[in-house]
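Below you'll find the structure, written out as structure tokens, and then a few comments.
Here the structure is a predicted model, which is why all the values come from computation and not from measurement.
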Amino acid sequence: MFHINYTHKSVLLHEAIQLLNINSTGIYIDGTFGSGGHAKLILSQLNKQGRLLAIDKDLLAIKIGKCIAEQDDRFTIIHSSFSKTIEYVKNVGLIGLVDGILLDLGISTYQINDCSRGFSFMQDGLLDMRMDISNGISAAEWLSKASQENIAWVLKTFGEERFSKNIAKVIVSKRQHTPIIRSIVLSKLICDAVPLRNMRKHPATKSFLAIRMYINNELEEIKQILKDALVILAPRGRLVVISFNSLEDRLVKYFVREHSCVWSLPPKIPLTNNQIFNQYKSKCQLKNIGKLTPSKQEIKRNIRARSAILRCAEKLVM
């Protein structure tokens, strides 16, 4: 059996599985397998007819998943992005038959603690930041080529970093003399470029988040799986998403709102007007189940849970 050295605590674990409303014979998708915390709990609630498909871009996660798949034929693990889930679902004839989709958009503890990945601004390691190290360009490679304007745009857009221009200027100045290939070097550059300090948050927090999200095309992938979930899910199937920053949560919140039955009909339009009624009805595909945040006890046990927001929606019977 394969083991990892880092203990990852799945955030809102029991709440997420409870909101999936597991049917023991159902078909479920864990789009962000990670170290398998959510997947194992889902499997524990399925009988022999139930099935769980797990997806992850991280090669270590795939290795962990394959160990489970070897012992449990209800479970399948795929090395891919959750944005491509619909391709697999189509190939195996499960469109409209999936009872639940779970997405935990956080980064795993083992990824942060692995210095070779470059996700942490507190440890020294190669500045990679790719979720899938077999694909795409690393953060170091991008930083070596991106224009100052592009770097500033990424930091502002994906990290909401107010000092994005200062940081971009320092990065470009530094790379003219020395390549920025180590995470601790980038972290120190950012600290030097930020004039004001928030004692509750490391100065490099927003920039590291922004670069990671950009390198991995995270927001576009979230948009894609949300859109595809409307097709993949069975009637009464549930979508559960755990976000860890405002940009991710905003996407999920507005998506659910857009496709939920909270209608705002134009004034003085009678409900007997079939054209208008059908136009609004076609957008009404989800029921908003609600949102949750971690308890004080969970945050005390796992400080990384403090920014988590869980949202759940159910596909309506049309």
Side-chain angles (χ1 to χ4, degrees), residues 12 15-23 25-33 38-39 42 46 50-57 76 78 80-106 213 216-265 274-292 309-318:
L12 292 166
E15 294 88 344
I17 304 310
Q18 184 177 7
L19 282 168
L20 273 177
N21 197 26
I22 301 290
N23 168 7
T25 62
I27 301 169
Y28 294 87
I29 295 174
D30 180 354
T32 48
F33 175 76
H38 290 107
I42 293 171
L46 297 178
R51 293 171 64 184
L52 174 61
L53 165 67
I55 301 166
D56 211 290
K57 297 168 75 173
T76 304
I78 296 173
S80 184
S81 164
F82 56 62
S83 64
K84 298 179 181 178
T85 300
I86 197 165
E87 297 176 12
Y88 177 84
V89 173
K90 282 180 179 177
N91 288 339
V92 294
L94 293 177
I95 289 291
L97 299 176
V98 174
D99 296 291
I101 298 173
L102 172 65
L103 301 171
D104 177 349
L105 303 177
M213 293 185 74
N216 293 288
N217 198 30
E218 293 182 25
L219 294 185
E220 292 304 313
E221 295 201 343
I222 294 168
K223 289 177 186 177
Q224 188 63 53
I225 185 60
L226 292 177
K227 175 185 173 184
D228 293 342
L230 295 173
V231 180
I232 294 170
L233 286 170
R236 296 192 179 90
R238 290 198 171 182
L239 172 67
V240 174
V241 185
I242 305 171
S243 305
F244 289 84
N245 63 68
S246 59
L247 293 180
E248 294 170 345
D249 182 57
R250 213 173 293 149
L251 281 181
V252 180
K253 178 174 68 174
Y254 289 137
F255 173 81
V256 173
R257 181 182 296 175
E258 179 185 356
H259 294 280
S260 293
C261 282
V262 182
W263 295 350
S264 179
L265 289 171
N274 288 333
Q275 183 179 359
I276 298 294
F277 181 75
N278 289 333
Q279 177 185 345
Y280 279 83
K281 184 180 178 182
S282 67
K283 293 183 179 181
C284 180
Q285 301 177 69
L286 295 173
K287 176 184 178 182
N288 186 2
I289 303 299
K291 79 169 186 176
L292 288 175
I309 298 177
L310 182 156
R311 293 186 186 272
C312 177
E314 181 175 295
K315 184 175 177 179
L316 294 173
V317 179
M318 302 303 288

Looking only at non-hydrogen atoms, find the nearest pair between Leu233 and Ile101 and report the distance. CD2-CG1, 3.8 Å
If you compare all heavy atoms of Leu20 against all heavy atoms of Tyr28, which two are closest, and at what distance to 0.1 Å? O-CE2, 4.2 Å
Considering non-hydrogen atoms only, spot the tightest contact between Val240 and Cys312 and give its length. CG2-SG, 3.9 Å
Ignoring hydrogens, what is the shortest heavy-atom contact between Val252 and Leu226? Give both atom names and the distance. CA-CD1, 4.1 Å
side-chain contact (heavy atoms from CB on, under 4.5 Å) filter on Ala313, not counting sequence neighbours, yields Val256, Leu286
The salt bridge (charged side-chain N to carboxylate O under 4.0 Å, His left out) partners of Arg311 (sequence neighbours excluded) come to Asp249
To the nearest 0.5 Å, what is the distance between OG1 on Thr32 and CZ on Phe82? 7.0 Å
Taking side chain to side chain donor-acceptor pair (under 3.5 Å) as the test, write out the residues that go with Asn245, two or more places apart. Glu248
Keeping to residues at least two apart or across chains, list the side-chain hydrogen bond (donor to acceptor under 3.5 Å, both in side chains) pairs with something in residues 228-238. Gln224-Asp228, Arg238-Glu314
By salt bridge (charged side-chain N to carboxylate O under 4.0 Å, His left out) - contacts of Glu220 (at least two apart): Lys223
Please enumerate all residues that pass ring-ring contact (aromatic ring centres under 6.0 Å, His included) together with Phe244, with sequence neighbours excluded. none
Those residues at least two apart in sequence (or on a different chain) that pass salt bridge (charged side-chain N to carboxylate O under 4.0 Å, His left out) with Glu15 are none
Could you state the interatomic distance from CG (Leu251) to CD1 (Ile225), rounded to the nearest 0.5 Å? 13.5 Å
Rounded to the nearest 0.5 Å, the OG atom of Ser81 sits from the CG atom of Asn217 at a distance of 8.5 Å
Mind checking the OG-CD1 spacing from Ser80 to Ile55? Nearest 0.5 Å is all I need. 6.5 Å
How far apart are the closest heavy atoms of Gly26 and Leu46, and which atoms are they? O-CD2, 4.1 Å
Atom CD1 of Ile232 and atom OG1 of Thr85: how far apart are they, to the nearest 0.5 Å? 5.5 Å
Hits for side chain to side chain donor-acceptor pair (under 3.5 Å) against Thr25, two or more places apart or cross-chain, chain-then-number order -> Asn23
Between Ile309 and Lys291, is a side-chain contact (heavy atoms from CB on, under 4.5 Å) present by the stated rule, with each step listed? CA-CA 7 Å; Ile309 298 177; Lys291 79 169 186 176; 4.1 Å; yes
Sequence-distant partners of Leu316, side-chain contact (heavy atoms from CB on, under 4.5 Å), two or more places apart: Cys261, Cys284, Lys287, Met318
Has the side chain of Lys315 got a donor or acceptor atom that lies under 3.5 Å from a matching backbone atom of Leu230? yes
How long is the span from the CG atom in Leu103 to the CD1 atom in Ile29, to the nearest 0.5 Å? 9.5 Å
Give the C-alpha distance, both sets of side-chain angles, the deciding distance and a yes or no for side-chain contact (heavy atoms from CB on, under 4.5 Å) between Arg51 and Leu94. CA-CA 11 Å; Arg51 293 171 64 184; Leu94 293 177; 4.2 Å; yes
Enumerate the residue pairs fulfilling salt bridge (Lys or Arg N to Asp or Glu O under 4.0 Å) with a member in residues 80-91, sequence neighbours excluded, ordered by first and then second residue. none
Output all residues satisfying salt bridge (charged side-chain N to carboxylate O under 4.0 Å, His left out) with Lys57, sequence neighbours left out; order by chain, then residue number. Glu221
For side-chain contact (heavy atoms from CB on, under 4.5 Å), just list the numbers for Ile86 and Ile95, CA-CA rounded to whole Å, side-chain angles, deciding distance to a tenth of an Å, and then say yes or no. CA-CA 8 Å; Ile86 197 165; Ile95 289 291; 3.9 Å; yes
Might you point out which heavy atoms bring Pro235 and Gly96 nearest each other, and give the distance in Å? CD-O, 4.1 Å
Any residue meeting side-chain contact (heavy atoms from CB on, under 4.5 Å) with Tyr254, in chain and number order, not counting sequence neighbours: Arg250, Arg257
